[in-house]
Protein chains: 2
Amino acid sequence: MFSKACEYGIRASIYIGQQSADQGRRVGLRDIAAEIDSPEAFTAKVLQLLVRAGLVTSVKGPTGGFELTAEQLRTVTLRQIVLAIDGGEMLQGCALGLRQCSAQQPCPLHYQFLAIRDQLNEVLRTHTVGELAGKVHDGLGFLRQFS
Amino acid sequence: MFSKACEYGIRASIYIGQQSADQGRRVGLRDIAAEIDSPEAFTAKVLQLLVRAGLVTSVKGPTGGFELTAEQLRTVTLRQIVLAIDGGEMLQGCALGLRQCSAQQPCPLHYQFLAIRDQLNEVLRTHTVGELAGKVHDGLGFLRQFS
DNA sequence: CAAATACCGGATAAATTTATCCGGTAATCA
DNA sequence: TGATTACCGGATAAATTTATCCGGTATTTG
Ligand code: FES
Ligand code: FES
């Protein structure tokens, strides 16, 4: 569904958000990669994308790390994260790979997939990172599996 | 959403199906690639997968080519094609990349994505290649764009 | 100011996906 | 039967994605 980069980006954001919401704790790359079970260096690349896009905040030096401001927690949606990392392909592209998805020359699955894509867009648009962080905090969702 | 290979496979199947339904016309690789706007050699690889999976029929030699039998037209679903080419990742995997999607240790988006994935599975399961071929035949759907 | 910490950014490498090439085999037809 | 046609299958190459490495810069702390 999403690229690995995007999966890591979403999981990382939620983890950072969870720690930020919990008494503004700032978190380093090592922690993040361990908690979401992702390759450290690659996760760093993805986070740089999100920082540049203004969706995550980073602080250098000792006591530095990544965090989400109160505003970011409240306003950043999954859709923004997906767009920043994977672009709009999954959110707007044709399911059968036609150069553009439109009702002018629709693929034979256009209308059926439109329903699915709309629902996906809706889910991503209406869920903030802060909200999902809360779910993880409450033990209702996990960012890695312990097997 | 799907891999390029899968997109080509679906489009090719539908085109073959359309020609087969239309007085059992058999079609060659060259035609297929031209009609669905895909690279010829790569499309051949994908079609070989589908032939081996029994979802498409091929005939060698002059007057040979690809076709869908009446039964294939009636029974082969998009879901079978997607599974044969891309496997079950998109149809069963976790949206956030957890090693397995389950309610035991669900990711924070599990239930929202379950709804979307179920709908996707339903669409793929309930649409046969023959049905979509009919749509293309009636000018209600396209397998390439003419710009 | 000096040392340690942690993100930044570019270069590089490995893995996977996408795409191409070409000789082999089966089938048709003259 | 011989020539042509068209799919088959393995090898190879290009492109993209995923992953790693390392020196640079900013920041804190003593
Ligand atoms: S044209 Fe294919 S999904 Fe819209
Ligand atoms: S656990 Fe993530 S979608 Fe089910």
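No experiment lies behind these values; they were computed from the predicted model shown. Residue numbering restarts at 1 for every chain, and letters A, B, ... go by the order of the sequence lines.
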Engineer: How close or far is atom P of C:dC7 from atom CZ of A:R30, stated in whole angstroms?
Structural biologist: 9 Å
Engineer: Of A:V59 and A:T43, whose closest DNA chain D nucleotide lies nearer the 5' terminus?
Structural biologist: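 Looking at DNA chain D, the more 5' nearest nucleotide goes with A:T43.
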Engineer: Walk along DNA chain D from 5' to 3' and tell me the first and last nucleotide with an atom closer than 4.0 Å to a non-hydrogen atom of chain A.
Structural biologist: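 Answer, 5' to 3': D:dT18 to D:dT29.
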Engineer: Between C:dA27 atom C1' and B:R26 atom CZ, what is the distance in whole Å?
Structural biologist: 10 Å
Engineer: What integer distance in Å separates A:I16:CD1 from C:dC7:C1'?
Structural biologist: 12 Å
Engineer: Which atom pair, heavy atoms only, marks the closest approach of A:S13 to A:L68?
Structural biologist: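 What the structure gives for the nearest pair is O-CD2, 4.2 Å.
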Engineer: Is A:R74 paired with A:E71 through a side-chain N to carboxylate O contact shorter than 4.0 Å?
Structural biologist: no
Engineer: Quick check against the 3.5 Å criterion: does A:E122 have a side-chain atom that pairs as donor or acceptor with the backbone of A:Q119?
Structural biologist: no
Engineer: Among side-chain atoms of A:T77 and A:T128, is any donor-acceptor pair under 3.5 angstrom?
Structural biologist: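 No pair is found: no donor N or O on one side chain lies under 3.5 Å from an acceptor on the other.
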Engineer: Hey, is B:D37 close enough to A:R99 for a salt bridge, meaning N to O under 4.0 Å?
Structural biologist: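 Yes.
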Engineer: Is there a salt bridge (Lys or Arg N to Asp or Glu O under 4.0 Å) between A:K135 and A:D138 once you walk through the steps?
Structural biologist: CA-CA 5 Å; A:K135 211 175 272 194; A:D138 297 342; over 6 Å; no
Engineer: If you look at every strand shown and take non-hydrogen atoms under 4.0 Å, does B:L29 touch a base, only sugar-phosphate, or nothing?
Structural biologist: sugar-phosphate
Engineer: Do B:R11 side-chain atoms and A:L96 backbone N/O form a donor-acceptor pair below 3.5 Å?
Structural biologist: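 Yes: the side chain of B:R11 pairs with the backbone of A:L96.
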Engineer: Under a 3.5 Å distance rule, please check whether B:Q18 uses its side chain to pair with a backbone N or O of B:Y15 as donor and acceptor.
Structural biologist: no
Engineer: By nearest nucleotide on DNA chain C, pick out whichever of A:Q48 and A:G61 is the more 5' one.
Structural biologist: A:G61
Engineer: How bent is the helix from C:dC1-D:dG30 to C:dA30-D:dT1, comparing axes over its five end pairs at each side, to the nearest 10°?
Structural biologist: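 What I find for the helix from C:dC1-D:dG30 to C:dA30-D:dT1 is an axis angle of 0°.
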